[in-house]
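Below is one structure, written out as structure tokens; comments come after it.
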Amino acid sequence: MAKGITTKEENYSQWYNDIVRKADLAEISAVRGSMVIKPYGYAIWEKMQSVLDGMFKETGHENAYFPLFIPKSFFSKEASHVEGFAKECAVVTHYRLKNDEKTGEIVVDEDAKLEEELIVRPTSETIIWDSYRNWIQSYRDLPLLINQWANVVRWEMRTRLFLRTAEFLWQEGHTAHETREEAVKEAELILKIYADFAEKWMGMPVLKGVKSPNERFAGAIETYCIESLMQDGKALQAGTSHFLGQNFAKAFEVQFLSRENKLEYVWATSWGVSTRLIGALIMSHSDNNGLVLPPRLAPIQVVIVPIYKNTGQLDAISEKVKGIMQELKAKGISVKYDNRDTRKPGFKFSEWELKGVPVRLAIGPRDLENGTVEVARRDTLEKEILQMADIAEKLVNLLEKIQDNIYQKAFTFRDNNTFYVDNWEAFKERIEQGGFVYAHWDGTAETEQKIKDETKATIRLIPIDGKAEAGKCVYSDEPSTGRVVFARAY
RNA sequence: CGGGGUAUGGCCCAGUCCGGUCAAGGCGCCUGCUUUGGGAGCAGGAGAUCGCAGGUUCGAAUCCUGCUACCCCGACCA
């Protein structure tokens, strides 16, 4: 077990915090509820960004940037949307500071009050749709497929590193379409992109589905989501994609001339994933030795640690390592040579384990003699001695194997923590233990609320490819046509 | 926003009840020597107006009042 990391079993929240801090991903900042993302953590976000950005571009989306500040009046235009965010908006009321005449302290200049207050965006639908009104006139302008990478602010009461902070980074896509069908298809396409990204890159299995009306995004007709199961048995929403119907088009008067020369409102979607994904990544794979990163998102995929007794040996090893690094880089592997002379090998081993580097190579005098290298896997903590020949090729294969193994492990975990429950007593008991619980629901908000009140479990999603199955609601005994997924959630 | 807790070098923390060489210890940091195949050892060294503002007192980390920040548990949320 690693020094300074609380075990998962002892205290899961503390374990999570310890990993974030000790792996040098982020730290609490001086600003209440906001965090500093440190270089190693940010490098993971950059990898996520680059992959997702490629996927969006591949499907025809373009990036743009809209203002951080939104005039308050924009918020009154779509009522249900406002209700969803009103309680957590930061508001700019003044635009100038001054020195207090008596105390000399910096104070807000009350004379510099804004005519119209500005809201720091909690999400950008309103400001974007205000622009779209001018961008869209004809069906020829559609579809409009825009994404932006940005920060947003939601004034949360309780915050946790990466999972919920007052300010966070995300991408938000906002699209406009001619028809309802096309917009729905877009929302579903993005959901598939999110699910692919989660599974193939993050190594994190996800369920796909739609939200119940209660859990739906304020202002949406339908909210699609991916949900994954964390190691403590709690669910985490990892991405959402909304079909917004014509709500925003009507609120912001975005109309176009159709092929039939008729004036119509456009159909909209919006969708996003945030730095919360980093929290999901941590809680999906990591262990009591620290972070475990899937090779495809690891900032450093291979770290090389030299073992030596004197500078002569170090020079000989470094010479050898130079060649290996060139080979690895040629294969697209990111590699770091940890030749710090101020740390012993044992310390370096622990440190890189803590930081989740998928593969570690150790090379010492014995290896130079024998033409070998010690290869250690982070996911299984196994070590083996390999011949140096074709090492790059071997590592490419190993990294793929690790990526696959991490996914399989997470999948098996979810599988072992997925249950089908048909009576209320069993349901309450099961929810208490954690995991995804498939149960029948009568489809009413009242029942959903009562279940939440009594068990703290929410409907995470209604499965998209769920089989029709007649049954009776686990709470009310009313008829149901299919199972939905319940869980306690982050 | 309710309930509870904490605040002492970069980090973890002792000391607070019973005011007076009390600012202790560990980690980390710096220097030197010895070390280096799983978190090294020894020696020396730097670093704290004890969260902030008042008050009591000859004297306050310690007692009193007010404030602020953070953490945990709830309600709310990605």
Side-chain angles (χ1 to χ4, degrees), chain A residues 1-6 11 13-14 17-18 21-22 27-35 83-89 103 122-123 152-172 194 211 214-218 223 225-228 235-242 270-280 289-290 305-314 317 338-354 360-370 372-376 381 383 385 452-453 456 458 460 489-490:
Chain A
M1 194 196 318
K3 228 190 250 174
I5 293 190
T6 309
N11 182 339
S13 302
Q14 194 55 48
N17 286 334
D18 286 349
R21 209 178 58 250
K22 301 276 173 160
E27 64 187 19
I28 311 252
S29 78
V31 187
R32 193 196 110 92
S34 300
M35 65 174 172
E83 267 176 48
F85 290 109
K87 284 171 291 182
E88 47 191 27
C89 283
T103 66
T123 178
V152 285
V153 169
R154 296 181 191 173
W155 214 260
E156 299 290 351
M157 285 303 159
R158 243 184 105 184
T159 57
R160 297 194 61 189
L161 293 166
F162 288 115
L163 297 175
R164 182 174 300 111
T165 46
E167 176 187 1
F168 58 95
L169 305 181
W170 77 345
Q171 59 69 216
E172 48 180 325
Y194 286 162
K211 287 294 186 193
N214 262 357
E215 300 279 325
R216 199 177 280 156
F217 174 69
T223 288
C225 64
I226 53 172
E227 291 276 336
S228 64
L236 185 124
Q237 178 174 302
T240 52
S241 173
H242 315 288
S270 72
W271 29 274
V273 294
S274 71
T275 36
R276 187 180 224 207
L277 287 180
I278 295 174
N289 291 301
V305 177
I307 315 286
Y308 57 94
K309 291 195 198 304
N310 52 57
T311 48
Q313 286 184 351
L314 176 60
I317 292 165
D338 185 359
N339 60 354
R340 286 176 295 176
D341 192 37
T342 51
R343 295 291 178 201
K344 290 182 66 179
F347 182 93
K348 295 177 182 176
F349 292 173
S350 306
E351 183 172 74
W352 294 114
E353 254 164 38
L354 192 52
R360 180 187 73 236
L361 305 184
I363 303 178
R366 288 208 297 269
D367 296 302
L368 288 189
E369 254 174 61
N370 304 331
T372 56
V373 59
E374 183 192 87
V375 180
L381 298 171
K383 288 193 285 199
I385 307 288
K452 187 178 175 185
D453 292 344
K456 291 181 192 154
T458 48
R460 299 320 302 156
Y490 274 99

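No experiment lies behind these values; they were computed from the predicted model shown. The basis for the numbers below is simple: all heavy atoms, side chains too, and nothing from hydrogens, waters or symmetry mates.
- With rounding to whole Å, Gln14(A) atom CD is found 14 Å from rC70(B) atom C1'.
- Distances were taken from every side-chain heavy atom of Tyr308(A) (C-beta onward) to each of rU36(B), rC77(B), rG37(B); the shortest belongs to rU36(B).
- Distances were taken from every side-chain heavy atom of Lys452(A) (C-beta onward) to each of rC76(B), rG37(B), rC72(B); the shortest belongs to rC76(B).
- Among the protein residues, Arg360(A) comes within range of the nucleic acid bases, having at least one heavy atom under 4.0 Å from a base atom.
- Taking atom P on both nucleotides, rA61(B) is separated from rG51(B) by 10 Å, rounded to a whole Å.
- Put simply, CZ on Arg343(A) is 12 Å from P on rG41(B), counting in whole angstrom units.
- If you check every strand for non-hydrogen atoms under 4.0 Å, Thr165(A) touches a base.
- The residues Arg343(A) and Glu351(A) are annotated as not salt-bridged, no charged nitrogen and carboxylate oxygen being separated by less than 4.0 angstrom.
- The CD1-P distance, from Ile385(A) to rG38(B), rounds to 11 Å in whole Å.
- If Ser350(A) and Ala166(A) are placed on RNA chain B by their nearest nucleotide, the residue sitting closer to the 5' end is Ser350(A).
- Rounded to whole Å, the distance from CD1 on Ile28(A) to P on rA69(B) is 15 Å.
- If you check rA40(B) for Watson-Crick or wobble pairing at under 3.5 angstrom, you find it paired to rU34(B).
- The residues Arg154(A) and Glu167(A) are annotated as not salt-bridged, no charged nitrogen and carboxylate oxygen being separated by less than 4.0 angstrom.
- For Trp170(A), the CH2 atom sits in a packed shell: over 12 heavy atoms of surrounding residues, nucleotides or ligands are nearer than 6.0 Å.
- Distance CZ (Arg154(A)) to P (rC77(B)): 12 Å, rounded to an integer number of Å.
- rC58(B) and rU68(B) have their P atoms separated by 32 Å, with the value rounded to a whole Å.
- Annotation: side chain of Thr165(A) is not in contact with side chain of Ser34(A) (no heavy-atom distance under 4.5 Å).
- Summarising the geometry, the separation between CD1 on Ile307(A) and C1' on rU35(B) is reported as 13 Å, rounded to the nearest angstrom.
- Note on Asp367(A): a base of the nucleic acid sits closer than 4.0 angstrom, heavy atoms only.
- Between rU36(B) and Lys309(A), a contact under 4.0 Å exists linking OP1 or OP2 to a side-chain N or O.
- Relative to the side chain of Glu156(A), the nucleotides rG38(B), rG37(B), rC76(B) differ in distance, and rC76(B) lies closest.
- The separation between Glu227(A) atom CD and rC77(B) atom P is 14 Å, rounded to whole Å.
- Residue contacts shown for Lys383(A) include a base, since a base heavy atom lies under 4.0 Å away.
- Classification of Glu227(A) and Lys211(A) as a salt-bridged pair holds, one side-chain N sitting under 4.0 Å from a carboxylate O.
- Look at rA7(B): its Watson-Crick or wobble partner, with both distances under 3.5 angstrom, is rU68(B).
- Taking atom P on both rC52(B) and rC11(B), the two are 15 Å apart, rounded to the nearest angstrom.
- Atom CG in Asp453(A) sits about 13 Å away from atom C1' in rC76(B), given to the nearest Å.
- Side-chain contact check for Pro306(A) versus Leu314(A): some heavy-atom pair is nearer than 4.5 Å.
- Judged by closest nucleotide on RNA chain B, Pro306(A) is the one of Pro306(A) and Lys344(A) placed further toward the 5' end.
- Heavy atoms of Phe168(A) sit under 4.0 angstrom from at least one base atom.
- Distance from the side chain of Phe347(A) is smallest to rG39(B) among rG38(B), rG39(B), rC76(B).
- Taking atom P on both rC12(B) and rC72(B), the two are 14 Å apart, rounded to the nearest angstrom.
- Both distances falling under 3.5 Å, in either a Watson-Crick or a G-U wobble arrangement, place rC1(B) opposite rG74(B).
- Counting only heavy atoms from C-beta on, Phe349(A) has its side chain closest to rG38(B) among rG38(B), rG39(B), rG74(B).
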